[in-house]
S.K.: 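Would you mind keeping the following structure in view while I ask a few things?
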Amino acid sequence: MSSLLAQLFPPSTTRNMELSADVLIILTSAAIIYYLTRWHRWKYLWREWLTTVDHKKIGIMYLIAAVTMLFRGGVDALLLRAQLAVPNNHFLGPLHYDEIFTTHGTIMIFFMAMPLIFAMFNIAIPLMIGARDVAFPRLNAISFWLFAFAGFLFNISFVIGGSPNAGWTSYPPLTELAFNPGVGQNYYLMALIVTGIGTTATGINFLVTILRMRAPGMTLMRMPMFAWTTLVTSVLILFAFPPLTVAMVLTLFDRLFGTAFFTIGRGGMPMMYVNLFWLFGHPEVYILVLPSFGIFSEVVATFSRKKLFGYSTMVYSVLAITFLSYGTWVHHFFTMGAGAAVNVFFGLSTILIAIPTGIKIFNWIFTMWNGRIKMTVAMMWALAFIPTFVVGGATGVMLGAVPADYQFHNSYFLIAHFHNVIIGGTVFGLLSGVYYWWPKMTGRLLNERQGKWAFWLFFLGFWVTFMPQYALGFMGMTRRMYTYSHGFGWSSLNLMSTIGAFVMGAGFVVMVYNFVWSQIHGEIDVTGDPWDGRTLEWSTPSPAPEYNFARIPVVTDRDAWWAIKQDHKSNVIQIKPQEIQDIELPKSSAIPFLMGLSFFVFSVGMVFSWWWIAVVGFLGFVVCMLVGTFDYDDHKEVPRQVIQNTESALGRLQG
Amino acid sequence: MSLKRSKRAIRFTVLALAIGLSVSGCGNDFVILHPAGPVAASELNLIEITAATMIVIILLVWVLFGIALVRFREKPGNQAPYRPLWDHNRALELGVIAVSVVAATIIAIPTWNKTFALDRIPAGKTPIVIDVTSLDWKWLFEYPGQHIATVNYIDVPTNRPVLFELTANSPMNTFWVPQLGGMEYTMPSEVLPLWLEASKPGLYWGRSGNFSGSGFVHMTFDVHAVSQAAFDTWVHTVRTTKPPMTMADYRQLLKFNWIAPRYYSAYPAATFPAETHGFTLEGGMYMEMQPTPK
């Protein structure tokens with residue numbers, strides 16, 4: 001019994017910070033349970049959310065999860081910056097600091113950015129291409145629940161068993177049992193394996209959805225740019241995630257079963273891990289940023305009231321980026337002795353990939369040119385991206401120049417660079433998307449004044465946080481140092497960076513306030529088209545009914561909805577009662593949730609090497625698979641009378 | 001309104017950076033900008049070329065962006081043209097591609113040249129060899145030519161290339177002396193070469209750039225560059241006044257701790273891999289390493 005307790009609660013989980021987290025978790029859980037019980041919401045929660053296969057609801061769940069994880073990762077970031085604010089600080093010890101930068105990176109990439117991207121896919125793509133759902137709705141729900149349970153698993157490591165502590169890249173031999181006993185690293189491995197399966201399934205889902213389910217008339221070259229970037233992102237996911245999963249599984253085998261893939265003492269080869277990891281990791285960078293490129297294309301065109309400039313150039317650029325992104329991974333380790341010829345190849349490919357990216361930046365500026373720019377919060381996030389991202393892209397090219405990288409590698413210059421592209425590209429883009437599609441999701445508009453406050457705090461905080469870090473790189477400060485001494489001259493820049501980080505934190509708080517306030521008091525979007533939009537999702541009511549389109553639209557031009565409005569055929573959104581037909585929709589299912597739960601149980605068993613629990617979890621998964629396979633009752637008919645009533649209530653029934 | 005704000009933001013950033021730079025000691029702390037040897041100088045030169053090219057691109061984007069933002073704002077009485085269907089312009093698109101390609105070429109050519117140039121020790125110079133092993137959490141340096149060993153401290157002669165042969169008996173680290181040049185990984189069961197040179201005497205700090213566990217911040221060392229004569233004297237002093245390292249001493253060094261610099265008049269050969277992946281490492285240069293004859 002006491003050895004079990006020692007395994008569950010090692011010393012790293014009984015420090016003050018972890019104990020306070022325990023109290024907060026217990027109080028929050030109790031409050032949620034009380035609320036659900038008091039207001040009899042359990043059934044509603046189960047029926048409407050936990051078992052849903054509706055892409056719109058799954059998108060909202062992804063969004064909520066991502067914002068929660070942004071909170072966790074953001075608190076991690078503030079703890080790190082607080083520790084580095086002054087030299088010789090002992091706010092966090094080295095062990096604590098190592099755990100927190102590991103969870104910060106892992107959570108921000110896998111449990112914040114990825115789900116926020118999938119939120120955007122789910123919320124926008126089927127509506128944008130005129131489809132009633134994704135190609136595999138139940139698989140979509142399975143993806144979500146695998147992600148959600150993996151995220152839950154990763155987060156509980158903080159209070160049970162101990163956090164991983166080898167960085168988000170987790171190179172062996174540091175992750176070997178010899179250097180890294182305890183279960184923390186197992187949490188990292190299992191969480192990434194499980195969420196990786198979900199992500200791969202999402203890639204398949206949206207690839208098929210976009211290729212097979214577009215409305216009649218929507219050829220590939222008539223697709224909205226966001227649909228294009230989602231398509232290529234899905235392809236990238238399909239090729240990028242398998243190497244990651246392989247790297248994770250092999251490391252897990254080394255740790256749990258004594259295999260010798262990467263373990264030095266048994267003749268393993270750690271550099272193989274580094275190759276596999278970045279064979280995933282570099283395409284992952286583009287998986288993160290391409291969806292945002294798509295969102296910018298939609299938002300900039302909409303709020304400039306103009307067609308996207310250079311559509312076909314944009315398409316060829318993303319295709320070029322997709323192809324080239326598989327040829328650059330070695331630039332993450334030029335300094336691992338691959339030799340001059342190999343390094344030059346990957347250096348030049350890195351410089352080459354900047355060309356299509358640069359072209360896209362200019363095309364967004366030309367989209368604004370000769371337009372009429374309207375400053376909504378969604379547009380401000382998109383506009384903030386251009387001057388910010390170009391700096392991150394430029395420093396990326398500087399890192400690609402091989403001999404220069406020998407000086408920059410793993411320094412704060414690198415840290416500033418990738419935060420500059422991931423925040424300035426991915427996060428600004430996704431927040432632009434959140435503000436843009438929020439009315440479509442919820443039926444309410446976000447308050448613009450609060451949104452602008454959040455924007456300015458976050459945007460200015462970003463510059464104050466990360467510009468000093470470029471300078472710190474030139475001063476020789478390397479990443480993952482828990483403290484530093486006076487003599488290097490790093491103190492004032494670090495303090496400035498910390499101040500910026502807290503300003504960003506304030507921006508986040510205002511943003512969440514903005515979300516909650518607007519959900520209660522926000523203006524209701526009665527038109528379904530609050531931005532005078534250009535693409536099909538704005539032809540539906542906000543929020544869209546379960547079946548999305550009472551009648552699938554016919555597309556005749558690139559900006560389909562804009563073209564319809566220009567032809568003064570705005571009555572196309574109205575439907576005659578005799579045109580209404582029954583609609584077949586996927587039926588809710590408990591299997592995705594239960595499958596996620598099974599994976600969770602399985603993972604807990606693997607993390608702690610409690611094999612019988614792992615077996616129970618695995619059997620649960622097998623049962624879910626079997627039941628799901630033979631479940632033919634997976635569709636429901638929405639009768640035309642119901643549709644007629646809904647459309648009539650929305651004022652979209654003709655006559 | 002927001003333009004004024006973003007102007008203010010830029011001004012604030014510049015001001016903040018200026019204050020930061022001045023407070024941090026007038027730039028002497030910017031070690032990468034103060035190279036003390038040919039490798040670091042060559043790398044700095046490439047950094048300057050890429051930075052200058054990229055600043056031109058950044059300014060081009062910022063200026064175009066600023067003009068678009070001011071001219072085409074939706075406000076009453078804006079006289080600027082509004083052409084909602086203007087979505088392509090062949091000349092403009094080709095111009096953008098041309099600018100990007102030119103910028104990429106300006107960077108690609110010196111990148112190519114320097115990558116190959118820095119890979120070899122310049123002909124006609126005989127390097128001194130130092131075998132480096134990163135341990136948890138300390139640096140072990142062995143001089144196969146001088147037969148001495150040190151921990152966390154090295155002396156090197158000026159104006160003579162130093163070939164570092166890097167390995168690890170620990171998780172990965174990188175060996176980095178910013179003022180002498182860029183870093184290279186130390187990995188167990190691999191030996192990687194890195195050559196650096198100090199052209200002026202001085203004390204240069206070095207550290208690891210790759211996280212290696214809870215003692216990682218202590219992975220620091222000092223490089224003392226002195227004249228060849230002073231170096232020879234130092235070697236002689238170490239050989240005559242310091243104890244030799246035994247295997248027992250080496251095993252002590254493998255403990256998970258950090259220590260002050262140490263000096264040994266000799267060391268056991270078994271502490272550094274004699275051959276790895278078929279290459280002999282006895283002082284050969286990187287490109288000239290020959291497979292070991294069987």
Side-chain angles (χ1 to χ4, degrees), chain A residues 94-95 98 167 171 173-174 179 264 305-307 309-310 313 335-337 340 343-344 347-348 351 355 358-359 361-362 365 368-375 386-387 390-391 394 397-398 401-404 406-407 409-410 460 463 467-468 474-476 478 480-483 488-489 492-493 496, chain B residues 2 9 13 16-17 20 23-25 29-33 43 46-47 50-51 54 57-58 61-62 64-65 68 72-74 81-88 93 96-97 100 104 107-108 111-112 114-116 118-119 171-172 174 178 182-185 188-189 192 209-214 217:
Chain A
L95 295 165
D98 300 345
Y171 288 176
L174 191 56
F179 298 105
I264 286 294
R305 296 179 57 81
K306 209 174 140 268
K307 285 182 92 165
F309 186 90
T313 320
T335 54
M336 271 191 190
N343 280 354
V344 156
L348 295 191
I351 295 167
I355 295 178
I359 290 170
I361 299 249
F362 283 105
I365 295 178
M368 293 156 64
W369 211 270
N370 287 340
R372 279 295 174 271
I373 299 162
K374 198 171 170 201
M375 282 294 177
I386 293 174
V390 73
V391 175
V397 173
M398 291 173 71
V402 181
Y406 273 60
Q407 287 284 34
H409 183 79
N410 271 2
L460 294 179
W463 281 81
M467 293 307 118
F474 280 103
M475 300 172 94
T478 53
R480 294 170 177 168
M481 300 175 59
Y482 89 96
T483 192
F488 297 102
S492 50
L493 287 170
M496 194 155 97
Chain B
S2 78
T13 313
L17 275 177
V23 170
S24 56
D29 292 324
F30 287 83
V31 278
I32 291 178
L33 304 180
E43 286 164 348
L46 183 62
I47 290 172
T50 52
M54 283 297 119
I57 299 281
I58 290 173
V61 168
W62 280 8
L64 275 177
F65 173 75
F72 299 104
R73 277 292 283 280
E74 187 178 66
Y82 172 55
R83 297 164 65 194
L85 297 177
W86 186 68
D87 70 344
H88 66 282
E93 287 181 83
V96 166
I97 294 174
S100 313
I107 293 167
T111 298
W112 177 290
K114 281 173 188 290
T115 304
F116 283 106
L118 290 174
D119 197 44
M172 294 180 192
T174 68
M183 64 182 80
E184 187 82 26
Y185 273 85
S189 79
L192 300 180
N210 194 60
F211 177 66
S212 53
S214 60
V217 289

S.K.: How are the rings of B:Trp86 and A:Phe309 set relative to one another: parallel (under 30°), tilted (30 to 60°) or perpendicular (over 60°)?
M.R.: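 Taking A:Phe309 first and then B:Trp86, their aromatic rings sit tilted (interplane angle of 30° to 60°).
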
S.K.: Output, in order, the C-alpha distance, side-chain angles, deciding distance and verdict of side-chain contact (heavy atoms from CB on, under 4.5 Å) for A:Met368 and B:Phe65.
M.R.: CA-CA 9 Å; A:Met368 293 156 64; B:Phe65 173 75; 4.0 Å; yes

S.K.: Which atom names give the shortest non-hydrogen contact between A:Leu348 and B:Ala108, and what distance separates them?
M.R.: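 So the two residues come closest at CD2-CB, 3.6 Å.
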
S.K.: So, for A:Met398 and B:Met54, which heavy atoms are closest and what is the spacing to 0.1 Å?
M.R.: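 Scanning both residues completely, I find the closest heavy atoms to be CG-CG, 4.3 Å.
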
S.K.: Highest number of heavy-atom pairs under 4.5 Å with chain A: which of B:Ile97, B:Thr174, B:Thr115, B:Thr111?
M.R.: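 Ranked by contacts with chain A, first place is B:Thr115.
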
S.K.: Tell me the closest heavy-atom pair linking B:Glu184 and A:Met336, and the distance in Å.
M.R.: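 Heavy atoms only, the tightest pair is OE2-C, 3.6 Å.
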
S.K.: By a 4.5 Å heavy-atom criterion (distance strictly below it), what part of A:Ile361 contacts chain B: side chain, backbone, both, or neither?
M.R.: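 Contact with chain B is through the side chain of A:Ile361 alone.
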
S.K.: Does some side-chain heavy atom of A:Phe362 sit less than 4.5 Å from a side-chain heavy atom of B:Glu93?
M.R.: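 With C-beta onward as the side chain, the pair stays apart.
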
S.K.: So for A:Leu174, is it side chain, backbone, both, or neither that comes closer than 4.5 Å to the heavy atoms of chain B?
M.R.: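 Interface part for A:Leu174: both.
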
S.K.: At a heavy-atom distance under 4.5 Å, which candidate from A:Asn410, A:Thr478, A:Thr335 has the highest pair count against chain B?
M.R.: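 Of the candidates given, the most pairs with chain B belong to A:Thr335.
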
S.K.: Side chain from CB out, backbone as N, CA, C, O: work out which of these in B:Ser212 comes under 4.5 Å of a heavy atom of chain A, or both, or neither.
M.R.: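 When you check distances to chain A, only backbone atoms of B:Ser212 fall under 4.5 Å.
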
S.K.: Which distance, rounded to the nearest 0.5 Å, do you find between the CZ of B:Phe116 and the CG of A:Asn343?
M.R.: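 Interatomic distance, B:Phe116 CZ to A:Asn343 CG, rounded to 0.5 Å: 9.0 Å.
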
S.K.: May I ask you to name which of A:Ile386, A:Thr483, A:Leu95 has the most heavy-atom pairs under 4.5 Å with chain B?
M.R.: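 When all of A:Ile386, A:Thr483, A:Leu95 are compared, A:Ile386 has the most.
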
S.K.: If you count heavy-atom pairs under 4.5 Å with chain B, which of A:Pro403, A:Gly310, A:Gly358 comes out on top?
M.R.: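 Top option by heavy-atom pairs under 4.5 Å: A:Pro403.
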
S.K.: Between atom NZ of A:Lys306 and atom CG of B:Asp87, what is the distance when rounded to the nearest 0.5 Å?
M.R.: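 Spacing of NZ (A:Lys306) from CG (B:Asp87) equals 7.5 Å.
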
S.K.: Does the side chain of A:Asn370 come within less than 4.5 Å of B:Phe72's, by heavy atoms?
M.R.: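 Yes, their side chains come closer than 4.5 Å.
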
S.K.: Heavy-atom distance under 4.5 Å to chain B: side chain of A:Tyr171, backbone, both or neither?
M.R.: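 For A:Tyr171, side-chain heavy atoms alone lie under 4.5 Å from chain B.
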
S.K.: Between B:Trp112 (side chain only) and A:Val344 (backbone N and O only), is there a donor and an acceptor less than 3.5 Å apart?
M.R.: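 Between the backbone of A:Val344 and the side chain of B:Trp112 there is no qualifying donor-acceptor contact (under 3.5 Å).
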
S.K.: Which pair of non-hydrogen atoms, one from B:Met183 and one from A:Gln407, has the smallest distance, and what is that distance?
M.R.: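 Looks like CE-O, 4.5 Å.
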
S.K.: Side chain, backbone, both or neither: which part of B:Leu118 has a heavy atom under 4.5 Å from chain A?
M.R.: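 Side chain only.
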
S.K.: Closest heavy-atom contact between B:Leu85 and A:Lys307?
M.R.: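 Reported closest heavy-atom pair: CD2-CD, 4.0 Å.
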
S.K.: A:Pro387, A:Pro173, A:Pro94: which one forms the most heavy-atom pairs within less than 4.5 Å of chain B?
M.R.: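 The answer is A:Pro387.
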
S.K.: Relative to chain A, which segment of B:Val61 carries a heavy atom at a distance below 4.5 Å: side chain, backbone, both, or neither?
M.R.: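 Both parts, heavy atoms under 4.5 Å.
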
S.K.: Using 0.5 Å steps for rounding, measure from the OG atom of B:Ser100 to the CD1 atom of A:Ile359.
M.R.: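 Atom-to-atom, B:Ser100:OG and A:Ile359:CD1 are 5.0 Å apart.
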
S.K.: Looking only at heavy atoms, which two atoms of B:Leu46 and A:Ala401 are closest? And how far apart?
M.R.: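 Closest approach of B:Leu46 to A:Ala401, heavy atoms only: CD2-CB, 3.7 Å.
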
S.K.: Output the option from A:Gly167, A:Gly347, A:Gly476 having the highest count of non-hydrogen pairs under 4.5 Å with chain B.
M.R.: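 Looking at each option in turn, the highest pair count goes to A:Gly476.
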
S.K.: Start with the C-alpha gap between B:Leu64 and A:Trp369, add the side-chain angles, then the distance that decides, and say whether side-chain contact (heavy atoms from CB on, under 4.5 Å) holds.
M.R.: CA-CA 9 Å; B:Leu64 275 177; A:Trp369 211 270; 4.1 Å; yes

